[in-house]
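Letters A, B, ... are given to chains in the order of the sequence lines, protein chains preceding strands, and every chain is numbered from 1.
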Amino acid sequence: MEPNQIGINYQAILPETITGGVAIIIMMIDALSRRIERRVAGGLSLLGLAGAAVSVATMWGRNAEPSFRGMIVTDQFRLFFALIFLVVSFLIVLISIRWIQEEQLPTGEYFALLMFATTGMLFMSAANDLVMIFLGLEITSISTYVLCGYRRTDLRSNESAMKYFILGSFSTAFLLYGMAFVYGASFQAGARPAATTNLQLLKERISSGALFSPEMLFAGAAMMIVGFGFKVATAPFHVWSPDVYEGAPTPVTAFLSTGSKAAAFAAFCRVFILTLAAAPIAESALMHSIHSVWVNALQVMAILTMTLGNLVAIVQGNIKRMLAYSSIAHAGYALVGMVASDWKAVAFYLLSYVVINIGAFAIIEVFAQRGDKRTEISDYAGIGFQSLGLATALSLFLLSLAGIPLTAGFMAKLIVFKSAWGSGFHVLVVIAVINSAISWYYYLRVIVAMFFADQQPEFKAPTLNRSFAAALVLTIIATLYLGILPGRVLDTLDRATDQISRARK
Amino acid sequence: MFEYPLAIVVFSPLLGAAVLGLFGKRMSEKLIGSIACLTVAVSTVFAFYAFFEHRAGLEAGQKFHEYLFTWISVGSFRADFAFVLDSLSGIYILFVTFVAFWIHVFATGYMRGEDGYWRFFAYLNLFMFSMLTLVVADNFLLMFVGWEGVGLCSYLLIGYYFTKDFANDAAKKAFIMNRVGDFGFLLGVMLLFWKAGSIFYFDDPARGIHGAFNWAMAQVGDPLSFASIFAGGISTIAVLLFVGATGKSAQIPLFVWLPDAMAGPTPVSALIHAATMVTAGVYMVSRASSIYVKAPAAMLIVAIIGAGTALFAATIGIAQWDIKKVLAYSTISQLGYMFLACGVGAFTAGIFHVFTHAFFKALLFLGSGSVIVGMHHEQDMHRMGGLKKYMPITYRTMLVGMLAISGFPLFSGFFSKDAILYNTFATGILPAPWPLLLWAVGLLTALLTAIYMTRLIVLTFFGDERFAEHSHDAHDHGGGKPHESPPSMVVPLVVLAVGAALVGFLGVPDAFWKGANLNYFERLVAPSISTARESFVLTDTIHASAGAAEHSSEAGEEIALAVVSSVVAIAGLALGWFWFNRKPLWQPPRLLENKYYVDEVYDETVIQPVKQGSTRLLWKTIDVGLIDGAVNGAAALASRLGGGMRYIQSGLARSYVALVVLGALVLIAYFVIK
Amino acid sequence: MAPLTWYLGLSALLFTIGAVGVFIKRNAITIFLCIELMLNAVNLALVSLSSFFGDIGGQLFVFIVMTVAAAEAAVGLAIIISIYRNRESLNVDEVDNLKL
Amino acid sequence: MDNYLLTIVTLLPLAGIPLLLVAGKSETTWKWIALIVSVATFLISLLLPINFNSAGGLQFQADAPWISAFNLGVRYHVGVDGLSIWLVLLTTFLVPLALISSWNSIHRRLREFLIAMLALETGMIGVFVAMDLFLFYIFWEVMLVPMYFLIGVWGGERRIYAAIKFVIYTMIGSLLMLAGIIALYYLNGQATGGRFTFDIPTITENVKTGALLISPTSQSLLFWAFALAFLIKVPLFPFHTWLPDAHVEAPTAGSVILAGVLLKMGTYGLMRFNLPLFPVAAHEWSVLICSLAVVGVIYGALVAMVQPDLKKLVAYSSVSHLGLVVLGIFSFTDQGMQGAIYQMLNHGVSTGALFLIVGMIYDRRHTRLISEFGGLARVMPAYSTLFLVVVLSSIALPLLNGFVGEFLILVGTFTSPVLPHARLFASLASIGMILSSVYMLWMYQRVILGEMKNAENERLADLNNREKLVLVPICLLILWMGVYPAVFLSRSEQMVRALRGRVTSAVERPANVTANNGIELR
Amino acid sequence: MRGETILFVVFAVLALVTALNVLVQRNPLYSALSLIGTLASLSAVYMTLRAQFIAAVQIVVYAGAIMVLFVFVIMLLNVPKDQPQVEKQKGLRYLAIPFAGLLIAETFTVLQRLPARSMPPLPASGGDQAVGTTWSIGTALFTDYLLPFEVTSVLILMAVVGAMVLARREND
């Protein structure tokens, strides 16, 4: 068989190749020179991520191209999400360079795993087949299991890794079972192939209405929601996240709450919005039915997620845990966008969210000091004016998470709510809005502690290195840029296409 | 000659007030006094100028407008800063400026050496500005400016001794009571605007203004019924305006502030709380006579309140020991008389009484002030007596005032009071029992008036020198014998005494001399006063057109009634003379001495409930407890919910797994069953 | 030849047993074994569907799942080892410092 | 120039922030920078009323596309009309005064304080000039942050509680408004065939022409989505409990701004959005809102009467006064609405001044309890005099500013042809005038008059020149606005007439109301 | 074909029993051994499905490699038997029955509605190219599933790195 028949297209997997390759190179340098310099590892990672970003950028504007026999597809959906992931990893690398030295943890493996995770995430957004989604998800998950337990001697880190691992693989089993059901449902006698895990084919088959078993499709979809819902941490599948986020090393928490969440959303959107969603007209009753069912389910989950996240965040004393609940709530807002079946809104939401959240976690990381010692909100009492710059930046991020206008958080919420309202989910929007109001309370609590409470004598303002400062500046700029001048990004997104329906195997 | 004489009349005192207020602190007392008196003198001169310049026109009922600028103009609502001169406002500015000038002169002496001398005259000048604005305003809103302005100045002047709590309380009470009345006044104005579309009195084609009075004249009058008051028509307007008058003119039920207002310096009492401000209510009702004549129910209310207040206050007056309090209740009582006149349709008689009252009551107050100064700031009549020989001029002038207020024949009060009593008796607008009843009340009041005034004179100037019994405190102005007051105080007394004796002759009833037009006052004011509609014919002397045939019999009746009231007045004087010469310290009934406990009743039924209710119910219970409780409760509920939900997070991986399974089960069930 | 339903039924039963095992067993390794059981249940479903449909895709999927299971096993056991080093215990109920 | 004027006025205060950041370590320099910037803003903003055309509508407009993606159609559109022009002026007038007043009372974090004040000024001006719903919302929210910090960092004992309460209260309302904004955006887009926009004049025009005809039910929902935000801000009874706390805890400058400007945003919003956009609903709910307003007038006054704390007293008096403003707005008459606008300014000036006055005494004695004072007139005559002027203004003495506003509101309400029970409302609201004199004079008496009972007050210094510089202009303004209001009223006349016309014509269009046609929320 | 059915039934029962035994055993070692039994039974079941390759891999990779790893770790850690068995939230075990019941009920509801389907006949060209043979797997693996196959290598590499970094001793 000729290569082009197999659909080999190396350029299509160039970003993944670069990040994966960088991971391998780092490992090799580490192995050969016994100990890799953190700057080298970090620098290589940044270089790799930048290279990947460039390759993603060069792919922009091309029509949807499935490659590798439809295993992946290069559409703007993929590329936009890929950029989000690359941004996440870039920032995480920047904030990790300081941290990894301070904690004196193995350097090479850390960056390598981070790059592997990035590779997995990139595959998740590129995937056009359930197999690829599963693989990407597993690469990301397994590397993050390890990263959670990266501070091996720390009990909290251990616990975090174990819980994440048990619950993660458990939910993966559900996801897989769901995929199996969908595969089973997709059978069409006499067709080539007879049954499929390819998303485009699935969509066509569901649209045509001739399925082996609609029931299996529904059950499979439900189980996939369990799996994806777990990864994005929506109620009631969110339970792992507060514990894991709290226990994991802070940069890893940042990565978990942004990168792996965004990747899961990418896959979630790919499967549900792009595959299982009905166009307004000319679709089979089956498609309409599955669409409305999952939308209803997600609607309930979104409400549960937002409400639970926000309410429980109110009573938290640990800032990482509070932000964990906050990120649950944010998953809820993003779900609102999913309910509206508008992946662009979700994508913009995630882009804004990851930037802000990484910024917030970055600062929490420096404040936490070695071994995550100072992560209670009470530790933040009065540090606002002792470390004015960092505290102001943290305030900015928190307010942005709360949704103050002129920052990314507001634009993100606006776009999502607008989208949902436009699709007729008025009650959902109102509930989301009330939730936003509640969320102000706990974000403000941190600001209250930092600025309004009495100062702490023993607090020493942390020193920053250049890479960290760069990360901070980037996140601040991005937060404001997306809030004040979101036009370019939104325009790009607005014109972006997901040509899954046009792409053919 | 002068295009804006009224403006000069009004603004001259304002200028004085501004100068004194801004720079007075650094001025000498002499300069301050001069500025204050001069500005009022200017007002007085221009008031006379304006009046006599237009006298013929005024007598003919013409109105002279002075437009300064448009104050508020929104939509159809318009209120100008503009003045109007007609015979009513003309006569008012005459005696207001004249009396005020002499009171200012008196005050320069009386207030000598007081802290804040400049402040006092600044306020006094400001008061003049407000009062004159009130009088010459050409619309109700500008009148309200003066109306509130005099209230403010009254507040400031009552509270002049601001370190004294009773003075502050009195000041506040005065202002708030007035505000209660203003509430009615404003509603009346608004209702008038709603119905008439204008708050101007008269048409002024030059400005394209339609007057509310012309609207009122064109209305069919309301019937004399209780319901008409609440019908939202012209009767309602009249009653609401009258509520304002009860506040300003201290009528039942809002009269309680006036006796307390005596906490201010005596010239203030003379000027504001006797001669001018308190008569503003009468002025306003007379001004709005076009409205009242269409509202018989309101008229009846005015009459009843007036007569009731007259009697009520007179009974209290008998039992007071503070010399100024006696005069204060006397003022309330006399104001009641004036309203009685208005209520029976005899607006001119009411205004005439205002006019004469201004002289004799100012005189009496200034006299009392002279006594107080002479007695080294003693006001209690328990400690007076026998002052005749120490203060001869004061004694004589006050005697004139006493005779005038008691209605001793041929003194000014005799004519004005007589006009009221006669018109009450003869009014044709009230149904049967009322004229007689009101007349009887008026007569009884006249008797009481004579008695308590005699009591005042006797207790002060006759009998034993009781002040010797009480040794003054050493620091109290040095003590010593009573003495006559300085010329700056005595001269005004004399001037006013002359006035009090003679001004009554401006309004001698025509009936006294067959065919003569004796009642100049009547003829002057009448064109500014509205006449009633046909079915509402007044049988008083306002109507020259009432018919010659009836005239002779009415004239006889009028003379007879005059004789009756003269007899009553003299009887009262005699009674008082004999009784109080024998028992100067006769203990009056406690009920009267304590003013029927009205203050206490108000305190118990209004003030305390409002205060306690606001504190306990509104603030502590509703605001803090209920509303804030709900707010904080919602917050607490949120965190309690959060606190409850956090127990989902038990920390046990296995329970998380179970929860995931549960979620999956529900989800699958929904998807399968859907 | 047993019908497809039987195979899928067996798969469902095994999956259920695995799922239940995860939340009733306390030994971390046993829990892990149960997860492996669940994966095998999925594999069974995929293989049976693949065979009955005559489509090789399912079996390829199984092939991938097995690889993933192997990788997961390696990492999972490493986690268990590292946690055992710190705690000297494999009981997951004792690992509940992070909560609420 | 005219196009940039508003932008300059809006952003100039913000330009002071970088200056402050690079201005070295001298506190005096910082203060002067902030003061000069704010005074410059005020002076420039004076050009607005000078060049304002009373007959014209929206003026000094600047309009540029901002975000067009996602059909958002967000524009940077600013402009002033008769409603907002004076509120802008009020803001630029009060901020310098607030800065001067706190010249020596901020002892820590001065630079940050000044930054917060300047940022706040930009936010407030922005709210009034924004002519795009999106832009409006941005300013509306962003302004919260500096205010939050002002209360939280420089506030009193319970500042944290007050600050959080302030923000959360406001947030609940404004986020619902966000939902309302989105809904309106969609309705307008649907009605105009996909021309999605947030532009306020455009949407208002569409409502007026009938191009955007919203069904009564939907109008009611949207009306409340907007109204709740505004009524909380006003604050109308029973949404007022954040106010006493915020006022009491805020530093003087914060209280001045809070009372002087922030509360006006609520009433401004009602007039800018609720009336013109949802006239039928506004009419339908007017009885409820007016009832609450009247309750607020009386209730606020009664509760103010018994407050032991000066600031709380003033805070509750604001509840009372603002209730009157709301009443005026919902009277749907020229007089009522003009009066409401005027009363907004009056309240800004008078209550701002009251807070300044309380602040001055607080700076000296560090207490605000009325019972701590008494007899100050003897040692502080100038203070007492200016205080009295402000008190009188607050109790609406004629020839002072308060009267014009209150009377217009009352007369407008009384004569309203469309508001049900108008007479009753006006009569009840008039009681507020009695009560205001009760609590104000009582307070004045207890603080200023009487014997000096507390020895600590013996040596209190009278006002210094700086403080006089703050209060005298205010008192002059009070007098000017009371004697010659035409300057102010004439500029808002055209706008009010148009607004009243919109409401009344919509109400009198019964066919539309009864037929229940118009766009529904989906 | 009856023979295959019998085989299926036998091994299905065996798989179920051993699977349940995984839960019943308290010692993880026995659980692991029991699971190996399950895996082997499933391998046999795969044979009945004509999935020879998968059946082989099941034995070689799963039972052979993965489970050995498990057993190895269990032996390595050598958890003392007398460790106190802490059990929090005892109620969880009572959820087992209802949850299991519900899950089974739900899946069986779905399965019960499946259309009947019999295994397709072997292609005429010969059994060695039928679905499930090594040929078919290999062909698909290097055509359709080329990318997943390659990506798997990344996964494995990463797992190695991860396992190494976690499991090695501190002083490394």
Participant: Is Val92(C) in contact with chain E via its backbone, its side chain, both, or neither, using a 4.5 Å heavy-atom distance?
Facilitator: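 Neither part.
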Participant: Most heavy-atom pairs under 4.5 angstrom with chain C, which of Phe53(E), Phe72(E), Tyr62(E)?
Facilitator: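 The answer is Tyr62(E).
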Participant: Rounded to the nearest 0.5 Å, what's the gap from CG on Leu44(C) to OG1 on Thr38(E)? Could you check?
Facilitator: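 Separation between the atoms: 12.0 Å.
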Participant: Most heavy-atom pairs under 4.5 angstrom with chain E, which of Leu77(C), Leu4(C), Leu8(C)?
Facilitator: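 Most heavy-atom pairs under 4.5 Å with chain E: Leu77(C).
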Participant: What distance separates Phe32(C) CZ from Leu35(E) CG, expressed to the nearest 0.5 Å?
Facilitator: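 Here the interatomic distance stands at 11.0 Å.
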Participant: Could you tell me whether the side chains of Thr48(E) and Tyr7(C) share a donor-acceptor contact shorter than 3.5 Å?
Facilitator: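 Their side chains do contain a donor-acceptor pair, which is all the 3.5 Å distance test asks for.
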Participant: Heavy-atom cut-off 4.5 Å, strictly under: side chain, backbone, both or neither for Glu36(C) against chain E?
Facilitator: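 The answer is both parts of Glu36(C).
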Participant: Any donor-acceptor pair under 3.5 Å linking the side-chain atoms of Gln58(E) with those of Asn40(C)?
Facilitator: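 Yes, because at least one side-chain N or O of Asn40(C) sits under 3.5 Å from a partner of the opposite role on Gln58(E).
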Participant: Contact part of Ala65(E) toward chain C, heavy-atom cut-off under 4.5 Å: side chain, backbone, both or neither?
Facilitator: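 It is neither, since no heavy atom gets under 4.5 Å.
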Participant: Drop me the distance from Thr30(C)'s OG1 to Leu23(E)'s CG, to the nearest 0.5 angstrom.
Facilitator: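 The OG1 atom of Thr30(C) sits 9.5 Å away from the CG atom of Leu23(E).
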Participant: Where the side chain of Asp93(C) meets the backbone of Lys88(E), is there a donor-acceptor pair that is under 3.5 Å apart?
Facilitator: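 Checked: pair present.
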Participant: As a quick check of understanding, evaluate side-chain contact (heavy atoms from CB on, under 4.5 Å) for Val68(C) and Leu155(E), giving each step before the final call.
Facilitator: CA-CA 7 Å; Val68(C) 169; Leu155(E) 180 78; 3.4 Å; yes
Participant: Nearest 0.5 angstrom please: Leu111(E) CG to Trp6(C) CH2, how far?
Facilitator: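 So the CG of Leu111(E) and the CH2 of Trp6(C) are separated by 14.0 Å.
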Participant: Please name the pair of heavy atoms, one in Gly132(E) and one in Gln59(C), separated by the smallest distance, quoted to 0.1 Å.
Facilitator: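 Shortest heavy-atom separation between Gly132(E) and Gln59(C) comes out as CA-OE1, 3.3 Å.
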Participant: Measure Leu7(E) against the heavy atoms of chain C and call it side chain, backbone, both or neither at under 4.5 Å.
Facilitator: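 Looking at Leu7(E), nothing touches chain C.
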Participant: What residue, out of Leu141(E), Val61(E), Leu114(E), has the most heavy-atom pairs lying under 4.5 Å from chain C?
Facilitator: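 Ranked by contacts with chain C, first place is Leu141(E).
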Participant: Could you check if a side-chain atom of Thr5(C) sits within less than 4.5 angstrom of a side-chain atom of Phe108(E), using non-hydrogen atoms only?
Facilitator: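 No, too far: nothing below the 4.5 Å cut-off.
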Participant: Are any non-hydrogen side-chain atoms of Tyr84(C) and Val73(E) less than 4.5 angstrom apart?
Facilitator: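 A side-chain contact is absent here, since even the closest heavy-atom pair is not under 4.5 Å.
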Participant: Minimum heavy-atom separation for Ala96(E) and Val20(C), please, with both atom names.
Facilitator: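 Result for this residue pair: CB-CG1, 3.4 Å.
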Participant: Ala116(E), Gly101(E), Ala100(E), Ser34(E): which one forms the most heavy-atom pairs within less than 4.5 Å of chain C?
Facilitator: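 That would be Ala100(E).
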Participant: What are the two closest heavy atoms between Ala51(E) and Val47(C), and how far apart are they?
Facilitator: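 Heavy atoms only, the tightest pair is CB-CG1, 3.6 Å.
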Participant: Quick one: which of Asn27(C), Val75(C), Leu60(C), Thr67(C) has the most heavy-atom pairs under 4.5 Å with chain E, could you say?
Facilitator: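 Of Asn27(C), Val75(C), Leu60(C), Thr67(C), Leu60(C) has the most heavy-atom pairs under 4.5 Å with chain E.
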Participant: Where is the tightest heavy-atom contact between Ala69(C) and Ile66(E), given as atom of each residue plus distance?
Facilitator: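 Minimum heavy-atom contact is C-CD1, 4.1 Å.
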Participant: So how far is it from Leu16(E) CG to Leu10(C) CG, rounded to the nearest 0.5 Å?
Facilitator: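 If we round to the nearest 0.5 Å, Leu16(E):CG and Leu10(C):CG are 5.0 Å apart.
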Participant: If you count heavy-atom pairs under 4.5 Å between each of Leu33(C), Ile29(C), Asp55(C), Ile79(C) and chain E, which one has the most?
Facilitator: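 Among Leu33(C), Ile29(C), Asp55(C), Ile79(C), the one with the most close pairs to chain E is Leu33(C).
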Participant: Within the structure provided, determine whether Phe15(C) and Thr107(E) are in side-chain contact (heavy-atom separation under 4.5 Å).
Facilitator: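 Phe15(C) vs Thr107(E): side chains apart.
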Participant: Within this structure, what is the CG-OG distance for the pair Leu37(C) and Ser31(E), rounded to the nearest 0.5 Å?
Facilitator: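 The distance works out to 11.0 Å.
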Participant: Can a donor-acceptor pair be found, under 3.5 Å and without considering hydrogens, that links the side chain of Lys25(C) to the backbone of Pro28(E)?
Facilitator: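 No: the side chain of Lys25(C) does not pair with the backbone of Pro28(E).
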Participant: What are the two closest heavy atoms between Thr5(E) and Ala2(C), and how far apart are they?
Facilitator: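 In terms of heavy atoms, the two residues are closest at OG1-N, 3.4 Å.
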Participant: With a 4.5 angstrom heavy-atom cut-off, which part of Met67(E) approaches chain C: side chain, backbone, both or neither?
Facilitator: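 For Met67(E), side-chain heavy atoms alone lie under 4.5 Å from chain C.
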Participant: Go through the atoms of Ala28(C) and report whether side chain, backbone, both or neither lie under 4.5 Å from a heavy atom of chain E.
Facilitator: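 Ala28(C) has no heavy atom closer than 4.5 Å to chain E.
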Participant: So for Leu76(E), is it side chain, backbone, both, or neither that comes closer than 4.5 Å to the heavy atoms of chain C?
Facilitator: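 Contact with chain C involves the side chain of Leu76(E) alone.
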Participant: Considering non-hydrogen atoms only, spot the tightest contact between Ile24(C) and Leu92(E) and give its length.
Facilitator: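 That closest heavy-atom pairing would be CG2-O, 4.2 Å.
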Participant: Report yes or no: does Ser51(C) contribute a side-chain atom to a donor-acceptor pair with the main-chain N or O of Leu49(E) at less than 3.5 Å?
Facilitator: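 Yes: the side chain of Ser51(C) pairs with the backbone of Leu49(E).
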Participant: Given the options Ile81(C), Ile80(C), Ile64(C), Ile17(C), which has more heavy-atom pairs under 4.5 Å with chain E than any of the others?
Facilitator: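 Ranked by heavy-atom pairs under 4.5 Å with chain E, first place is Ile17(C).
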Participant: Please confirm whether Tyr145(E) and Phe63(C) have ring centers closer than 6.0 angstrom.
Facilitator: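 They do not qualify: ring centres at least 6.0 Å apart.
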Participant: So, the side chain of Arg85(C) versus the backbone of Ala167(E): is there a donor-acceptor pair under 3.5 Å, distance only?
Facilitator: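 Side chain of Arg85(C) to backbone of Ala167(E): a pair is present.
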Participant: Which answer fits Tyr94(E), side chain, backbone, both or neither, if we ask what part of it has an atom under 4.5 Å from a heavy atom of chain C?
Facilitator: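 Looking at Tyr94(E), nothing touches chain C.
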Participant: Would you check, one step at a time, whether the test side-chain contact (heavy atoms from CB on, under 4.5 Å) holds for Glu94(C) with Glu87(E)?
Facilitator: CA-CA 8 Å; Glu94(C) 289 174 45; Glu87(E) 183 177 4; over 6 Å; no
Participant: A side-chain contact here means heavy atoms from C-beta on lying under 4.5 Å apart; do Leu42(E) and Leu14(C) qualify?
Facilitator: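 They are in contact (side-chain heavy atoms under 4.5 Å apart), so the answer is yes.
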Participant: At a 4.5 Å cut-off on heavy atoms, which part of Ser11(C) comes close to chain E: side chain, backbone, both, or neither?
Facilitator: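 The answer is neither part of Ser11(C).
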Participant: Between Ile137(E), Val161(E), Ile156(E), which has the largest tally of heavy atom pairs under 4.5 Å with chain C?
Facilitator: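 Heavy-atom pair counts peak at Ile137(E).
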